Number of protein chains: 2
Amino acid sequence: MKNRSIAAPEGPPRPKRADARRKMDSVLKAATKVFRESGVDAPVREIAERAGVGLGTVYRHFPQRSDLIVAVFQSSVDACADAAAALAKEHPPATALSLWLERYVDFIRTKSGLCKALYSGDPAYKALPDYFNQRLRPALTALLDAAVEARTLRSGTDPDDLLVAVANLCSAGHGRDPEHARRMVGLLVDGLRFGAGS
Amino acid sequence: MKNRSIAAPEGPPRPKRADARRKMDSVLKAATKVFRESGVDAPVREIAERAGVGLGTVYRHFPQRSDLIVAVFQSSVDACADAAAALAKEHPPATALSLWLERYVDFIRTKSGLCKALYSGDPAYKALPDYFNQRLRPALTALLDAAVEARTLRSGTDPDDLLVAVANLCSAGHGRDPEHARRMVGLLVDGLRFGAGS
DNA sequence: TTGCATGTGGAACAATGTTCCGTATATTGG
DNA sequence: CCAATATACGGAACATTGTTCCACATGCAA
């Protein structure tokens with residue numbers, strides 16, 4: 001039995017073929033666009049077509065429709081979280097925080113369509129809220145800490161509170177003017193700046 | 001033009017045929033059972049079969065699937081609201097209130113599956129929350145007033161508050177023991193009784 | 001270049017909402 | 001009670017969409 005060929009849990013047995021990665025990526029990008037434009041209920045066929053790929057290819061990479069939704073959600077969360085580090089490098093802390101919160105607002109707004117899926121009770125989406133928190137909290141924490149350290153923000157702000165507060169501000173004015181949420185969040189940040197030099 | 005034959009909005013031009021009413025009723029009953037047992041996503045065919053009618057008959061009475069869901073919801077609300085008057089006739093006010101709240105708890109529990117539909121964002125369900133409130137509030141108000149008048153309940157309880165409070169108590173222990181909600185509501189009612197003889 | 005594991009495309013299947021229409025029946029005027 | 005007819009019925013047929021399957025194509029290693 002020198003070479004077990006079944007049920008052997010190895011790491012990554014093989015790197016995926018190059019074209020496979022490329023197609024998977026284009027499917028993910030297409031799905032992101034289609035979900036944004038047509039809602040989460042858009043048919044898988046539309047996504048395949050948009051990605052210039054056959055149906056079978058989509059299902060090879062995302063065996064279930066819900067896997068696609070999960071992947072799009074996670075990649076959006078990742079992009080939003082990663083933006084924090086990028087902004088922190090290119091702007092002073094307080095500015096980075098403001099810009100990132102705008103970015104976060106956009107994320108919440110475009111992803112609000114996915115809420116329908118999240119609240120559907122389908123167990124496939126069980127892990128998404130956790131992913132959301134565990135990915136976004138550190139990103140925001142870093143921004144807050146930097147701004148506090150630079151004495152441009154009051155200390156003692158709970159990142160989780162801020163995340164849900166902003167999310168609620170967005171979903172409050174349901175179909176309203178996109179600028180509204182932005183302004184409200186601006187107010188919130190100004191409030192945080194108020195007691196800066198502790 | 002002594003007899004306009006189109007676009008003439010009359011009252012009830014004809015009473016529906018007797019068998020039609022009967023079948024519509026059996027469809028509604030079947031749908032209620034099927035939704036309870038298999039969830040709101042149960043196929044229309046299953047309901048038709050259960051009701052012992054053809055698919056066409058279901059769609060004749062409920063042109064869209066959502067119409068069926070709405071009808072089931074409303075008839076459940078009606079039944080719950082009507083139960084208030086019945087209980088009031090057969091029990092002393094405070095008892096009637098307790099019994100009705102138990103009934104209401106059952107309603108909330110069995111209808112929690114419909115919440116998925118209600119929160120789906122489908123405009124077909126827009127009016128349901130309003131229907132819920134406008135039908136149940138008067139029912140509860142009557143029970144509360146009677147108990148207050150009989151000096152077996154403190155006054156000043158807002159019916160809307162009570163409705164949402166109980167609903168929240170139910171949905172809190174999501175998949176929990178059916179008795180739990182009942183006990184919590186019992187506590188609530190005891191609390192209301194406490195300051196009775198104002 | 002060759003062999004094959006891997007990946008691809010799309011036909012085919014299954015489930016389900018919805019429409020259509022030939023048939024059956026309740027209702028009504030005689 | 002009978003015939004005429006508006007009404008209602010049943011279910012086949014259609015449309016859409018998730019999912020599976022497999023003959024064929026292709027990247028990759030020897």
Side-chain angles (χ1 to χ4, degrees), chain A residues 3 5-6 8 10 12-31 34-35 37-72 116-117 120 122-125, chain B residues 3 5-6 8 10 12-31 34-35 37-72 116-117 120 122-125:
Chain A
N3 191 343
S5 58
I6 58 170
E10 313 167 34
R14 295 280 169 88
K16 277 186 211 140
R17 250 165 62 172
D19 60 338
R21 263 198 310 277
R22 237 176 302 134
K23 298 224 160 178
M24 173 161 166
D25 213 63
S26 88
V27 168
L28 197 61
K29 282 199 177 78
V34 169
F35 284 155
E37 293 169 18
S38 310
V40 268
D41 292 332
V44 178
R45 280 168 177 75
E46 190 180 334
I47 294 167
E49 194 176 354
R50 187 75 156 260
V53 145
L55 247 191
T57 302
V58 175
Y59 275 93
R60 158 162 285 262
H61 296 297
F62 306 95
Q64 307 228 3
R65 184 197 156 65
S66 59
D67 295 327
L68 240 185
I69 295 175
V70 167
V72 167
K116 194 193 318 186
S120 72
D122 188 321
Y125 308 115
Chain B
N3 190 343
S5 59
I6 58 170
E10 314 165 35
R14 296 280 170 87
K16 278 187 211 140
R17 252 166 61 171
D19 60 338
R21 261 198 312 276
R22 237 176 303 133
K23 297 224 161 179
M24 173 160 164
D25 215 62
S26 88
V27 168
L28 197 61
K29 283 199 177 77
V34 169
F35 284 155
E37 293 170 18
S38 310
V40 268
D41 291 334
V44 177
R45 278 168 177 75
E46 190 180 334
I47 295 167
E49 194 176 353
R50 187 77 156 260
V53 305
L55 250 190
T57 302
V58 175
Y59 274 94
R60 157 164 287 264
H61 296 298
F62 306 95
Q64 307 230 3
R65 185 196 156 65
S66 60
D67 294 326
L68 239 186
I69 295 175
V70 167
V72 167
K116 195 193 320 188
S120 71
D122 188 321
Y125 308 116

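Values in this document were obtained by computation on a predicted structure and should not be read as measured data. Proteins come first, then strands; the chains are lettered A, B, ... in the order of their sequence lines, and each starts at number 1.
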*Any donor and acceptor pair, going by atom type alone, linking the side chain of A/R50 with main-chain N or O of A/V34 inside 3.5 Å?*
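Here the side-chain-to-backbone pair does not exist.
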_Whether B/S38 side chain and B/F35 backbone form a donor-acceptor pair below 3.5 Å_ =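 No, B/S38 side chain to B/F35 backbone: no donor-acceptor pair under 3.5 Å.
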_Suppose we screen for side chain to side chain contact (heavy atoms under 4.5 Å, CB included). Which residues come up paired with A/K29, at least two apart in sequence or across chains?_
A/D25
Spacing of [X] atom [atom1] relative to [N] atom [atom2], expressed in whole Å:
{"X": "A/E46", "N": "D/dG18", "atom1": "CD", "atom2": "P", "value": "10 Å"}
{"X": "A/L68", "N": "D/dT19", "atom1": "CG", "atom2": "C1'", "value": "13 Å"}
{"X": "A/D122", "N": "D/dG18", "atom1": "CG", "atom2": "P", "value": "13 Å"}
{"X": "A/R60", "N": "D/dT19", "atom1": "CZ", "atom2": "P", "value": "17 Å"}

*Treat primed atoms plus P, OP1 and OP2 as sugar-phosphate and everything else as base, then score nucleotides 11-20 of chain C 5' to 3': B for base contact with protein heavy atoms under 4.0 Å, S for sugar-phosphate contact only, - for none.*
-B---BBBB-
*Per-nucleotide protein contact string for nucleotides 21-30 of chain C (B base, S sugar-phosphate only, - none; heavy atom under 4.0 Å)*: ----BSS---
*Given side chains that start at C-beta, do those of B/V72 and B/V40 come closer than 4.5 Å, heavy atoms only?*
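Side chain of B/V72 against side chain of B/V40, heavy atoms only: no contact under 4.5 Å found.
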*Heavy-atom check, side chain of A/K16 versus side chain of A/M24, under 4.5 Å*: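 They are in contact (side-chain heavy atoms under 4.5 Å apart), so the answer is yes.
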_OP1 or OP2 of D/dC9 under 4.0 Å from side-chain N/O of B/H61_ =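 Looking at the OP1 and OP2 atoms of D/dC9, one of them is under 4.0 Å from a side-chain N or O of B/H61.
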*B/T57 vs D/dA8: side-chain N/O to OP1/OP2 distance below 4.0 Å*: no
*Worked verdict on B/I69 versus B/F62 for side-chain contact (heavy atoms from CB on, under 4.5 Å)*: CA-CA 9 Å; B/I69 295 175; B/F62 306 95; over 6 Å; no
*Would you give the length of the straight line joining atom CD of A/Q64 to atom OH of A/Y59, rounded to the nearest 0.5 angstrom?*
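Here the rounded value is 8.5 Å.
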*Worked check of side-chain contact (heavy atoms from CB on, under 4.5 Å) between A/R22 and A/D19*: CA-CA 5 Å; A/R22 237 176 302 134; A/D19 60 338; 3.9 Å; yes
